[in-house]
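Notes follow once the structure below has been shown.
Proteins get letters first, then strands, A, B, ... in listed order; numbering begins at 1 in each.
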Amino acid sequence: MQPFTKEVITIIKGIPEGQVMSYGQIAKAAGNPRAARQVARILHSMSRKENLPWHRVVNAKGEIVVGGEEAIFTQRSTLEEEGVQVQDGKVSLSRYRYNFDESE
DNA sequence: GCTGTGACGCCAT
DNA sequence: AATGGCGCCACAG
């Protein structure tokens, strides 16, 4: 497993409850600000077997946009369970954006 | 025009 | 056959 992939997983698993991160931020924190899309791909690839909290990962707009409404509802409900205020299917990234740089 | 963001795969072992 | 790894290019402000 490549260091980058491992970093991404570690970061996602390192996200506390009630916090969310954008793809670009994770990729940047992992060491590759250009691999935002790859993060999503790896995220899904790993979540196949592992229990990764990928629902805590949203896009830079804070909007939960996936290929299924039911998936959105599930992720949205889970986020509210975590303590994240989901407004109109979106979270206040400005408030729940996990400062990985400061936590590092 | 430049830089940031983007979610469900495809190929090899 | 199934699982792991890949680190881009195009669109929008």
NA contact type, [X], heavy-atom cut-off 4.0 Å: base, sugar-phosphate, or nothing?
X       : value
A:Val57 : base
A:Asn59 : sugar-phosphate
A:Ala36 : base
A:Gln75 : base

For nucleotides [N] and [M], find the distance between their [atom1] atoms and express it as a whole number of Å.
N     : M      : atom1 : result
B:dG4 : C:dC6  : P     : 23 Å
C:dG5 : B:dT5  : P     : 25 Å
C:dA1 : B:dC10 : P     : 15 Å
C:dG4 : B:dA7  : P     : 23 Å

Nearest-angstrom distance from the residue atom [atom1] of [X] to [atom2] of [N]:
X       : N     : atom1 : atom2 : answer
A:Lys28 : B:dG6 : NZ    : P     : 12 Å
A:Arg41 : C:dC6 : CZ    : P     : 12 Å
A:Leu52 : C:dG5 : CG    : P     : 12 Å
A:Ile9  : C:dC6 : CD1   : P     : 11 Å
A:Glu70 : B:dA7 : CD    : C1'   : 17 Å
A:Asn32 : C:dC8 : CG    : P     : 7 Å
A:Arg34 : B:dT5 : CZ    : P     : 8 Å
A:Ile12 : B:dA7 : CD1   : P     : 14 Å

| query | A:Gln87 and A:Ser92: side-chain donor and acceptor closer than 3.5 Å? | reply |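 Result is yes, a qualifying pair exists.
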
Within less than 4.0 Å of OP1 or OP2 of [N], is there a side-chain N or O belonging to [X]?
X       : N     : result
A:Lys61 : B:dG6 : yes
A:Thr5  : C:dC6 : yes
A:Gln38 : C:dC8 : no
A:Arg37 : B:dA7 : no

| With hydrophobic residues grouped by side-chain heavy-atom distances under 4.5 Å, do A:Ile72 and A:Leu79 end up in a single group? |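 Linked within one cluster.
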
| Considering all heavy atoms of both residues, which atom of A:Tyr98 and which atom of A:Gly14 are nearest to each other, and what is their separation? | OH-O, 3.7 Å

| task | Could you pull out the closest heavy-atom pair between A:Ala71 and A:Val66, with the gap in Å? | result |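 Looking at all heavy atoms of both residues, the shortest contact is CB-CG2, 3.5 Å.
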
| task | Determine whether A:Gln19 and A:Arg97 make a side-chain contact, defined as any pair of heavy atoms from C-beta on separated by less than 4.5 Å. | result | no

| said: If you assign A:Gly24 and A:Ile42 each to the DNA chain B nucleotide with the nearest heavy atom, which residue ends up on the more 5' nucleotide? | reply: A:Gly24

| task | Check step by step if side chain to side chain contact (heavy atoms under 4.5 Å, CB included) holds for A:Ile12 and A:Ile26. | result | CA-CA 8 Å; A:Ile12 297 174; A:Ile26 297 176; 4.3 Å; yes

| query | With both distances under 3.5 Å as the test, what is the Watson-Crick or G-U wobble partner of B:dC8? | reply |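 With both distances under 3.5 Å required, B:dC8 matches none.
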
| said: So if I take every side-chain heavy atom of A:Ala60 and compare against C:dC6, B:dG6, B:dA7, which nucleotide ends up nearest? | reply: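 Nearest to the side-chain atoms of A:Ala60, counting from C-beta on, is B:dG6.
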
